[in-house]
Every structure is written in structure tokens, then in C-alpha cells.
There are 2 protein chains.
Amino acid sequence: MDNKEISQAVIGRLPRYFRFLGELKDEGVERISSQELSDIMNVTASQIRQDFNNFGGFGQQGYGYNVAYLYEEIGRILGLDKTHKLIIIGAGNLGQALANYTNFDRRGFLFKGIFDCDPSLYGKKIRSMEIRPMEELEDFVKENEIDMAVLTIPKASAAQVARRLSHTGIRGIWNFAHVDLDVPDGIQVENVHLSDSLMKLAYNINRSENQMLPGFESQLMDEK
Amino acid sequence: MDNKEISQAVIGRLPRYFRFLGELKDEGVERISSQELSDIMNVTASQIRQDFNNFGGFGQQGYGYNVAYLYEEIGRILGLDKTHKLIIIGAGNLGQALANYTNFDRRGFLFKGIFDCDPSLYGKKIRSMEIRPMEELEDFVKENEIDMAVLTIPKASAAQVARRLSHTGIRGIWNFAHVDLDVPDGIQVENVHLSDSLMKLAYNINRSENQMLPGFESQLMDEK
DNA sequence: TAGATTGTTAATCGATTAACAATC
DNA sequence: TAGATTGTTAATCGATTAACAATC
């Protein structure tokens with residue numbers, strides 16, 4: 001039932017399905033067809049059915065999908081039935097902001113510690129958790145069976161920290177540093193490159209402005 | 001020379017090219033071939049040439065690409081030659097963290113103001129900028145010709161704030177709220193859904209763990 | 001049973017890669 | 001000029017959409 005590799009395009013859509021299904025569930029909706037979900041989410045019904053069928057049949061002909069069941073199944077596929085223990089490395093503004101973001105807990109991402117290399121921060125408490133010195137990193141990860149590390153450190157030190165982490169048994173790195181990390185197989189990296197995202201927005205703003213004033217050249221444009 | 005729509009797949013790669021070229025430039029590298037860049041970036045040389053040629057020829061046969069020139073051109077394509085004035089709406093942990101992130105300034109994203117609806121925050125200063133009440137939003141955007149708004153508010157209020165923004169002449173919304181915003185044409189939305197990203201990481205960790213202990217079923221698996 | 005809607009196969013579309021002629 | 005490497009066309013691959021038989 002398992003074993004065929006699922007494309008990252010599909011995986012990337014699962015959290016959005018999960019979110020909409022959660023909302024429907026909260027609204028008390030019991031069943032939904034791919035067509036109804038299509039209308040709400042603005043994706044084709046065909047894509048919805050194809051996506052779900054990558055994991056086996058969650059629906060029933062003539063009926064549709066049971067919202068609560070589908071929600072649960074997608075959560076399971078995403079690994080949200082398991083808990084993850086995470087640490088944050090880098091107690092700057094972003095690191096502290098993420099540490100304070102309690103919503104992750106609800107999904108089983110448990111905040112277990114935060115590290116920094118700045119001695120003036122040692123001992124400062126964030127969500128009742130002391131900021132720890134980097135020297136304690138390896139021991140802490142092993143002793144507490146941490147499986148995820150959040151990297152909110154400057155790009156200059158990210159590669160080195162990733163290398164240290166790769167010997168600790170960590171399973172995934174959520175990387176906010178603006179570099180491509182090079183880690184061994186078996187360690188997953190998920191990048192959040194905020195400046196890349198902002199640049200995309202800048203591009204699209206520009207593009208739409210150019211479309212609105214369809215200048216000179218495009219008016220001269222004649223087909224071949 | 002313009003006018004053909006560029007796919008978002010290509011746009012999404014531009015910031016990464018930009019980053020690598022910036023680094024090469026800083027290292028004093030003068031020219032680079034698509035093959036050399038391919039080796040560094042782990043994408044095919046063919047894709048690199050195709051991507052660049054969407055915007056016209058930046059290279060020269062037999063020579064390759066001039067690093068400084070290519071860097072500049074990609075920056076221009078991304079709209080980084082223009083400055084953008086942005087405000088942050090929501091002065092919570094994340095909003096304050098982004099406000100303090102001075103690196104965006106270097107790329108022409110100028111932090112012009114921060115808003116919140118919590119009166120106890122009014123007047124508090126972040127980067128020498130007072131937190132403003134939401135009532136002032138519309139006037140402020142118009143008077144200061146703000147073109148981008150960063151939404152770091154709870155999902156419950158995001159839709160309403162987006163609606164208010166859509167009447168101010170804003171051009172783009174960088175949305176950190178965990179909802180899909182519905183805005184008029186001509187306003188660009190770039191989403192940063194952190195919890196979606198974290199879920200993808202959880203999925204990939206799970207997947208790799210299942211691959212490593214290739215249990216029972218996969219051993220029984222025989223072709224067709 | 002008839003109607004609805006899935007699961008799944010086939011067709012289409014778009015993106016990536018390969019190949020090579022053009023040209024510096 | 002010969003060698004290198006682009007720009008660009010053609011081939012391949014993968015993802016999305018359409019269609020419809022299976023079935024609840």
C-alpha cells in the first residue's frame with residue numbers, strides 16, 4: 001500500500017487540504033465531494049481525487065469524502081499523529097518569535113530548548129525555557145531525543161551548526177538561514193528563505209504594474 | 001522584448017540565482033559558464049540557460065556569463081532596482097522580528113511603519129518607529145505611498161485587514177497569516193505559511209524513517 | 001434501482017532535459 | 001581559425017486535467 005514515491009508537488013498541497021478540512025470539520029460539515037472542495041479551494045476536483053488516491057481511497061462512490069476521517073488521514077500522512085521534539089538554534093528576534101509561537105505545540109511540535117552563542121543571553125527565559133550555550137548542543141539533543149532543529153542564525157554560522165547537528169541523530173532541520181545546507185542523507189532540510197519570498201513578491205508587483213500600463217513596445221508589437 | 005508571461009517556476013528560481021551570483025561576485029569571480037554554475041548550484045546547465053533566456057540573452061557564446069552583469073540583470077528583473085516602502089501590520093513577536101530585520105533594507109525594502117490594534121503597544125518604539133493604531137492605517141498608506149504590507153496578525157483578522165488594504169492603493173501583501181486572502185486583481189499576495197512548511201518537514205522525516213526500516217510489506221512486495 | 005461521485009485510465013499540457021547549430 | 005559555450009529547437013518527462021467505467 002505504501003512504497004511508491006509521492007511527488008513533492010503533492011506533498012506541498014497536503015497542508016492546505018489539511019487546513020481546509022480542519023475548518024470544515026470545525027464548522028460541523030460531515031461529508032464533502034471533490035467538486036465541493038474544488039469550489040472552496042480553487043483547485044480542480046480531478047487534482048483533489050488524484051492527490052488523495054496517491055495514498056489509497058479515502059472516499060466512497062456516490063457519497064464523497066467524510067470530512068473528519070479525511071482530515072485525520074491527511075494528518076496521519078503528514079506525520080502529525082506523532083510528536084516531534086524541536087530545539088531552536090539562534091535566540092535572536094526570529095528565534096524568540098518562533099519559540100513563543102505556541103500554535104506549533106497543538107500539532108505535536110514540542111519546543112524543548114533554545115540555544116545561542118551570545119553569553120549575555122544565557123539563562124534568559126523564553127516560555128520558561130532558559131537560553132542555553134551552544135557548547136551544550138550535542139549532549140542536549142542526544143539526551144532529550146530531539147528530532148528537529150530550527151536554524152535561526154546568520155548564514156555565516158549555519159553550515160557549521162548543520163555539520164554539528166548531523167552527528168547528533170537529528171532527523172530534520174527547519175532552516176531560516178539564507179544558505180543551502182549540505183547535510184548527510186537521512187536528514188531532511190526544509191528551507192524558509194524569507195528574502196527569496198519577498199523578492200518574488202517584488203517581481204510580481206513589478207510585473208502587474210507593467211501589465212497595467214502596457215507601454216510603448218507592446219503596442220508596436222505585431223504578430224510575426 | 002518583454003510580454004511573454006514567465007512561469008512562476010522560473011521566477012521562483014531567480015532569487016537563488018541572485019544569491020549565488022552575489023556570492024560569486026563578492027569572491028571576485030568575473031565570468032562563469034552555465035556548466036560551472038550548474039556544478040555549484042545543483043541544477044542542470046540546460047535549465048540555467050533556459051531560465052536566463054526567458055529574459056533575453058545575458059551570455060556570450062564561447063565565453064559564458066559575466067557575473068557582475070548577470071547579477072545586476074537578475075536584480076533588475078526581480079525589481080530590486082526600485083525601492084519598496086513597506087509597513088508591518090501586527091506588532092507581535094513575528095512582526096517585531098521582521099521589523100528588526102535590517103537586511104531587507106539593503107535590497108530596497110524600506111520599513112516605514114508598524115501597526116497594531118492593541119492600545120498597550122501604541123507608541124512603543126521599534127527601530128525608532130512608533131507602533132501605530134490600526135485606525136491610522138488607510139491615511140498612513142496613502143500619505144506615505146506605501147506599496148507593500150506585511151501581515152503578521154492572527155488569521156481571524158487577516159481577511160478584514162486585507163479588505164481594508166485593498167482600498168488604499170497597496171500593491172502587494174506579504175502574508176504570514178494562515179489563511180488564503182481574497183484580494184482584487186492588481187494586488188499581489190505572497191504567502192509564507194510557516195506551519196505548512198513545518199508539516200512538509202514532518203512528512204519528509206517520516207518518509208525517510210519508513211524508508212530506512214523497510215518493514216514487512218515492502219519485503220513481501222513482488223512486481224505485479 | 002437510479003443518481004451521484006469516486007477511483008483510475010487516457011489525453012493534454014507544461015516544464016525539464018538533451019542536442020546541436022550559431023557565434024563569439 | 002579552432003574551441004568553447006551560448007541560444008534555441010526538439011525530445012522527454014512529469015504533472016495536471018478530462019473522461020468514464022466501477023460502485024456505493
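Going from atom CG of A:L70 over to atom P of C:dT6 covers 11 Å, rounded to whole Å. C:dT16 atom C1' lies 17 Å from atom CD of B:Q8, rounded to whole Å. Between the P atom of D:dT6 and the OH atom of B:Y69 lies a distance of 15 Å, rounded to the nearest Å. Atom CD in A:E5 sits about 12 Å away from atom P in D:dG14, given to the nearest Å. The separation between B:L37 atom CG and D:dT5 atom P is 13 Å, rounded to whole Å. We find that CD of A:E36 is positioned 13 Å from C1' of C:dT6, with the value rounded to whole Å. Between the CZ atom of A:F58 and the P atom of D:dT23 there is a distance of 19 Å, rounded to whole Å. Put simply, CZ on B:R49 is 16 Å from P on D:dA10, counting in whole angstrom units.
Across all strands shown, the partner of C:dT23 is D:dA4, judged by Watson-Crick or G-U wobble contacts whose two distances both fall under 3.5 Å. A 3.5 Å limit on both hydrogen-bonding distances identifies C:dA10 as the Watson-Crick or G-U partner of D:dT17.
A donor N or O paired with an acceptor N or O is not found under 3.5 Å between the base of D:dT23 and the side-chain atoms of A:Q60. Residue B:Q50 places a side-chain atom within donor-acceptor reach of the base of D:dT9, judged by atom type and a 3.5 Å distance cut-off alone. One cannot find a donor-acceptor pair under 3.5 Å joining the base of D:dA15 and the side-chain atoms of A:S7.
Looking at heavy-atom distances under 4.0 Å, A:S46 makes contact with a base. In this structure, A:Y65 reaches the sugar-phosphate backbone alone: every heavy-atom distance under 4.0 Å involves primed, P, OP1 or OP2 atoms, never a base.
Ring geometry for A:F58 versus A:Y69: interplanar angle over 60°, hence perpendicular rather than tilted (30 to 60°). Note: B:F55 and A:Y203 have perpendicular aromatic rings, judged against thresholds of 30 and 60 degrees for the angle between ring planes.
Comparing A:A9 and B:N53 by the nucleotide of DNA chain D whose heavy atom lies nearest to each, the residue mapping closer to the 5' end is B:N53. Comparing A:R13 and A:Q61 along DNA chain D, the residue whose closest nucleotide (by nearest heavy atom) sits nearer the 5' end is A:R13.
Remark: A:R76 engages A:E72 in a salt bridge, criterion side-chain N to carboxylate O under 4.0 Å. Ion pairing between a basic and an acidic side chain is recognised when a charged N comes within 4.0 Å of a carboxylate O; B:K155 and A:E23 show such pairing.
B:H193 approaches B:A177 most closely through the heavy-atom pair CE1-O, 3.1 Å.
For the pair A:T44 and D:dT17, the criterion of a side-chain N or O lying under 4.0 Å from OP1 or OP2 is met.
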